[in-house]
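I'd like to ask you about the structure that follows.
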Amino acid sequence: MLEKRYEPKDIEKKWYDFWIEKDYFRAESKSDRPPYCIVIPPPNVTGSLHIGHALDITLQDVMIRWKRMSGFNTLWLPGTDHAGIATQNVVEKELQRQGADRHALGREKFIEKVWEWKKLYGGTIINQLKSIGASCDWSRERFTLDEGLSRAVKEVFVRLYEEGLIYRGEYLINWCPRCHTALSDLEVEHEDKQGKLYYIKYNFIDGEGHITVATTRPETYLGDTAVAVNPEDERYKHLIGKMVRLPIINREIPIIADEFVDSSFGTGAVKVTPAHDPNDFEMGKRHNLQFINILTGDGRMSEEAGPYKGQDRFECRKNVLKDLADIGHLEKVTDHAMAIGHCYRCKTIVEPYLSKQWFVKIKPLAEEAIRAVKDGQVKIIPIGWENSYFDWMENIKDWCISRQIWWGHRIPVWYCEGCGEVIVSRDTPLECKCGSRELRQDEDVLDTWFSSALWPFSTLGWPDETDDLKTFYPTSVLITGFDILFFWVARMMMMGLKFMKEEPFRHVYIHALIRDAEGQKMSKSKGNVVDPLKMTVKYGTDAFRFTLAAYAAQGRDIKFSEQRVEGYRLFLNKIWNVARFISMNVKEGEEITAAIKVKKLSLADRWILSRLSSVISEVHNALEEYRFNDAASALYQFVWHELCDWYVEMIKPELYGDDPGSKRSAINTLVHVFETSLALLHPFMPFISEEIWQNLPFRRGCESLCVREYPSPEDGLEDRGAEKKMNVVMDAVTAVRNIRGELNLSPSLELQALIRTSNNAEEILNENIAYLAKLAKTKEIKIGKDIHPPHNSASAIKPEMEIFVPLEGLFDIDAEIGRLNKEKNKIEEDMEFVRKKLSNENFISKAPASVVEANKTKYNEYQEKLRSIQDNIDKINKWRKSDE
RNA sequence: GGGCGGAUAGCUCAGUUGGGAGAGCACAGCCCUUACAAGGCUGGGGUCACAGGUUCGAGCCCUGUUCCGCCUACCA
């Protein structure tokens with residue numbers, strides 16, 4: 001017997017442990033069963049579960065559990081990401097609190113510290129995944145810095161280098177002065193801001209006059225090595241080749257001509273700072289200009305900044321502006337909208353910075369990745385994301401992969417101190433070919449995303465040709481948020497195609513971002529984050545998971561509202577209670593046969609089985625297309641409103657009655673439908689479904705719901721006839737209830753019902769009169785073609801029948817007339833609408849015949865209904881007169 | 001600057017190929033009916049952002065406008 005209330009906490013742990021103990025989540029390296037594989041988007045090892053993970057994990061778990069139950073050899077491969085910059089930042093802060101810093105500690109000691117930290121806290125998020133029910137194969141858990149994955153990283157690096165797809169060079173990269181490292185273009189977040197445009201005067205060195213340049217970054221004038229104008233610009237043509245002198249520092253630089261310059265912007269003359277601006281960098285190359293680096297790695301002014309040396313870059317800007325103004329070289333300042341790049345890890349403003357870095361030549365890789373999607377080998381769902389994908393891939397630029405931090409995959413490159421040879425190697429080399437043993441490994445580590453790009457095959461054992469790799473690559477689907485479409489998905493596509501010659505996944509399902517109830521992005525600083533673990537404690541994990549699935553409509557962000565979780569918790573409560581109801585009606589130890597003998601079933605039985613059959617199809621189709629919300633709401637609708645509200649109520653007379661045969665038949669069907677529903681629900685709410693399943697006397701030839709076969713759409717129990725008949729019964733019931741409700745009659749009051757029907761409906765109603773009695777709370781039901789209602793009857797019109805409820809003594813004539821008039825008005829409006837259509841010759845001639853026919857039928861029905869209502873109104877008026 | 005998405009009931013959102021708009025929550029009325037008052041039954045509530053167009057017919061297709069969100073970009 002189930003407890004009166006569902007208490008999620010203990011139950012969740014109990015069943016999760018049970019599943020683990022039974023090893024249900026373990027995949028087979030070799031199997032006759034078809035493979036189904038998802039690799040988890042590895043959360044940062046420093047992280048803790050946020051609501052975005054919860055959504056991501058829930059959707060993956062739904063797919064995995066569904067496929068597992070459907071007989072697939074299912075692998076959900078879990079793991080974590082070493083998250084270079086983020087993790088290093090966390091440990092550095094920790095050190096800071098202890099009054100230390102990594103430089104004092106030294107590289108090796110520092111890395112030891114990070115590993116220690118990882119051992120202590122790295123399991124946090126994994127345990128949180130378990131707590132929300134993730135059915136991952138934990139025996140295959142991976143970490144991006146594992147031995148095996150590190151080997152894959154080196155292998156990829158070396159091969160790309162050997163093919164000329166990795167190179168080293170001095171370029172302008174994005175530099176974070178706080179993290180002290182290069183960043184890829186993607187790792188820079190642009191933020192629109194209202195800034196200023198400063199107009200600065202540069203004097204000609206010979207004679208009078210000046211040229212004015214406009215800039216958003218006045219302090220960089222210290223690194224200017226030219227002024228550029230458009231060669232076609234009549235205003236400046238004659239000045240090309242002249243020299244100007246930079247104020248204060250007195251450097252002499254030329255005025256040059258370059259097509260790049262937009263004459264309409266600012267003054268049409270641009271200061272050129274090749275070491276501090278991407279465009280100027282290109283211009284500097286074109287014109288052989290000097291590259292002067294005025295900054296240091298921590299964002300301060302370098303030696304080259306002369307009097308400003310040592311100042312912070314923003315401090316320097318203020319000072320430069322003041323000094324220029326003082327000597328009359330600041331012509332004017334205007335407002336200017338611009339976008340400023342920030343470090344995606346620490347939000348510091350990034351700096352275009354000249355330095356030597358490693359790059360991946362990415363175009364050749366991107367071409368394959370574009371083709372795979374164009375050719376349909378990989379399907380992106382929803383399809384709208386394909387455009388973004390193509391757009392990014394087609395305009396891709398070389399990927400800066402070196403990072404000046406310590407935590408990560410060290411670049412497998414050594415430099416010979418003897419001859420300067422560059423050695424790129426899978427293994428640590430001991431000696432250069434020149435004989436020198438003085439080898440120094442590159443100090444940099446690789447972009448974390450470099451290793452996660454290999455995730456779908458490195459985790460399966462690559463570069464070895466393992467059974468796992470053969471069985472599970474390409475994986476079935478990747479489920480993730482759009483925020484890492486480029487960072488991760490795109491790069492996995494490129495690397496997968498390059499090294500496996502096959503796409504890493506067949507489908508990519510991109511889900512939405514979760515925002516707060518007001519549509520704001522959740523962030524710690526705004527204080528509007530929803531802690532998923534708090535949700536699971538408060539409402540139970542299942543209710544929370546079901547909510548997330550129900551929210552997951554394609555192509556729209558989720559505005560998360562706790563109220564909705566509350567609502568689904570009530571749904572679980574409903575399920576719990578119907579389970580209790582069943583357990584009360586099944587004798588202890590009684591075995592319920594799952595087999596359904598169609599011949600002996602009642603109408604209600606056949607109806608609910610038919611409905612079950614169709615909900616199975618709906619769920620199946622929805623999940624096939626990743627319409628999680630549709631699957632969830634189909635189940636909600638079915639279990640609550642069809643199973644509980646109608647079916648359970650309908651069979652109560654049989655259950656409480658004396659006929660053991662019909663009692664048994666009803667309970668059999670009920671148990672069958674409910675057990676099947678639990679199986680359908682299991683991927684969404686694994687805990688409560690298992691708890692109930694284990695406590696009811698089901699016999700399915702397996703010991704856990706999570707390995708029970710998933711209900712299949714081809715069960716042959718659809719029964720359109722039963723559904724039609726049931727609709728007649730339900731119509732009658734609803735009609736009586738409607739009269740009761742509208743006339744404010746007590747639910748406990750037993751009413752009489754007279755139903756005037758067609759032959760067809762008469763038969764159906766007579767056969768199922770017991771349902772009417774129970775559901776509409778009626779007694780003395782009369783059904784026939786020649787029903788004449790007594791004085792003071794309320795009435796309702798339904799297809800094929802007219803229902804009267806005699807109300808002598810209770811009757812409120814005005815209320816009933818009002819009710820009928822309301823109904824009449826509605827019908828008249830509807831009729832008018834159809835009438836207009838039918839009197840339109842164009843409609844008759846151009847619309848499909850079936851549509852025209854349907855409208856004609858409808859019109860006739862309305863007409864009849866209207867006539868009946870009018871009759872009833874007249875009748876009441878007559879009664880009223882005769883009573884007066 | 002380019003691109004994408006959204007605007008439907010008081011709120012949050014569904015709406016598959018164009019044939020008279022749905023759900024949940026909230027609201028109102030009546031009910032403690034032996035699974036469930038964390039419940040049941042009934043009801044009210046919408047010019048589908050705006051303006052045009054295509055069509056016999058538009059929430060849905062086309063064009064434009066407004067507002068909101070996001071992605072992306074080397075005009076200093």
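Just so you know, these numbers use all the heavy atoms, side chains as well, and skip hydrogens, waters and symmetry mates. Just so we're clear, the structure is a prediction, and the values are computed from it rather than from any experiment.
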Sugar-phosphate only, base, or nothing, as touched by A:Ser633 at under 4.0 Å among non-hydrogen atoms:
nothing

Could you tell me the separation between the CZ atom of A:Arg737 and the P atom of B:rG40, rounded to a whole number of Å?
11 Å

Using whole Å, what does the distance between atom C1' of nucleotide B:rC74 and atom CG of A:Asp262 come to?
13 Å

Base, sugar-phosphate, or nothing for A:Ala553, non-hydrogen atoms under 4.0 angstrom?
sugar-phosphate

What interatomic distance, in whole Å, is found between C1' of B:rA28 and the corresponding atom of B:rU33?
22 Å

State whether the distance check finds a donor on one side and an acceptor on the other, under 3.5 Å, for side chain A:Lys574 versus base B:rG39.
no

Distance, rounded to the nearest Å, where A:Glu386 contributes CD and B:rG3 contributes P
19 Å

For residues 481-490 of chain A, which residues have at least one heavy atom under 4.0 Å from RNA chain B?
A:Phe486

Does the pair A:Arg835/A:Glu832 count as a salt bridge with the N-to-O cut at 4.0 Å?
yes

Within the structure shown, what part of the strands sits under 4.0 Å from A:Val213 by heavy-atom distance: base, sugar-phosphate, or nothing?
nothing

Between A:Lys846 and A:Gly384, the residue closer to the 5' end of RNA chain B by nearest nucleotide is A:Gly384

How close do A:Leu772 and A:Ala732 get, heavy atom to heavy atom, and via which atoms?
CD2-CB, 3.6 Å

What's A:Asp192 touching, base or sugar-phosphate or nothing? Going by heavy atoms closer than 4.0 Å.
base

Gap between atoms CG and P, on A:Leu775 and B:rC41 respectively (whole Å):
10 Å

Considering only heavy side-chain atoms of A:Pro747, the closest of B:rC36, B:rC74, B:rC30 is B:rC30

What is the distance, to the nearest angstrom, from the NZ atom on A:Lys826 to the C1' atom on B:rG45?
13 Å

Nucleotide B:rU42, atom C1' - distance to CZ of A:Arg819 in whole Å
11 Å

Distance, rounded to the nearest Å, where A:Glu841 contributes CD and B:rC56 contributes P:
13 Å

Considering heavy-atom distances to RNA chain B, does A:Val188 or A:Arg217 have its closest nucleotide positioned more toward the 5' end?
A:Val188

Could you check whether A:Phe571 and A:Phe684 have their ring centres less than 6.0 Å apart?
no

Distance between the P atoms of B:rG10 and B:rU65, in whole angstroms?
29 Å

Under 3.5 Å, is there any donor-acceptor pair linking the side chain of A:Asn387 to the base of B:rG3?
no

Scan A:His276 against the nucleic acid and name what it touches under 4.0 Å (heavy atoms): base, sugar-phosphate only, or nothing.
nothing

Counting the atoms with a prime plus P, OP1 and OP2 as sugar-phosphate, which does A:Ala339 contact under 4.0 Å by heavy atoms, base, sugar-phosphate, or nothing?
base

I want to verify a distance call: between B:rC36, B:rU42, B:rA73, whose nearest atom is closest to the A:His190 side chain?
B:rA73

Just to be sure I understand: a Watson-Crick pair is purine N1 to pyrimidine N3 plus N6-O4 or O6-N4, both under 3.5 Å. Using that and G-U wobbles, which stems of three or more pairs involve RNA chain B?
B:1-7 with B:66-72, B:10-13 with B:22-25, B:27-31 with B:39-43, B:49-53 with B:61-65

Check the distance between B:rA76's C1' and A:Ile200's CD1 and give it to me in whole angstrom.
11 Å

Checking all strands, does A:Phe260 fall into the base, sugar-phosphate, or nothing category for heavy-atom contacts under 4.0 angstrom?
base

Under a 4.0 Å threshold between the charged nitrogen and the carboxylate oxygen, would A:Lys285 count as salt-bridged to A:Glu282?
no

When you check the side-chain N and O atoms of A:Tyr344 and A:Glu187, is any donor under 3.5 Å from an acceptor?
yes

For the ring pair A:Tyr198 and A:Tyr221, is the centre-to-centre distance below 6.0 Å?
no

Heavy-atom side-chain proximity of A:Val565 to A:Arg569 below 4.5 angstrom:
no

Could you check whether A:Glu191 pairs with A:Lys193 (Lys NZ or Arg NE/NH1/NH2 to Asp/Glu carboxylate O, under 4.0 Å)?
no

Sugar-phosphate only, base, or nothing, as touched by A:Pro352 at under 4.0 Å among non-hydrogen atoms
nothing

Students often get this wrong, so: under 4.0 angstrom with heavy atoms, is A:Trp646 touching a base, only sugar-phosphate, or nothing?
nothing

Would you classify A:Lys397 as touching base, sugar-phosphate or nothing, given that sugar-phosphate means primed atoms plus P, OP1 and OP2, and contacts are heavy atoms under 4.0 Å?
sugar-phosphate

If you look at every strand shown and take non-hydrogen atoms under 4.0 Å, does A:Glu649 touch a base, only sugar-phosphate, or nothing?
base

Pi stacking test for A:Phe833 and B:rG20: under 5.5 Å apart, planes under 30°:
yes

Scan A:Tyr568 against the nucleic acid and name what it touches under 4.0 Å (heavy atoms): base, sugar-phosphate only, or nothing.
nothing

Salt-bridge criterion met for A:Glu351 and A:Arg217 (N-O under 4.0 Å)
yes

Look at A:Asn842 and B:rG57 and indicate whether a side-chain polar atom (N or O) is within less than 4.0 Å of OP1 or OP2.
no

Hey, can you pull the donor-acceptor pairs under 3.5 Å for the side chains in residues 848-863 of chain A, sequence neighbours left out?
{"residue": "A:Asn855", "atom": "ND2", "partner": "A:Val851", "partner atom": "O", "Å": "2.9"}
{"residue": "A:Thr857", "atom": "OG1", "partner": "A:Glu853", "partner atom": "O", "Å": "2.9"}

Would you classify A:Lys4 as touching base, sugar-phosphate or nothing, given that sugar-phosphate means primed atoms plus P, OP1 and OP2, and contacts are heavy atoms under 4.0 Å?
sugar-phosphate

Per atom distances to the A:His336 side chain, the nearest of B:rA76, B:rA35, B:rG19 is B:rA76

Under a 4.0 Å threshold between the charged nitrogen and the carboxylate oxygen, would A:Glu750 count as salt-bridged to A:Lys779?
no

Considering all heavy atoms, the nearest A:Val261-A:Asn230 contact
O-ND2, 2.8 Å

Over all strands shown, is A:Asn738 touching base, sugar-phosphate only, or nothing at heavy-atom distances under 4.0 angstrom?
sugar-phosphate

Does A:Trp640 make a side-chain N or O approach to OP1 or OP2 of B:rG40 shorter than 4.0 Å?
yes

Establish, with yes or no, whether the OP1 or OP2 oxygen of B:rG19 is under 4.0 angstrom from a side-chain nitrogen or oxygen of A:Lys837.
no

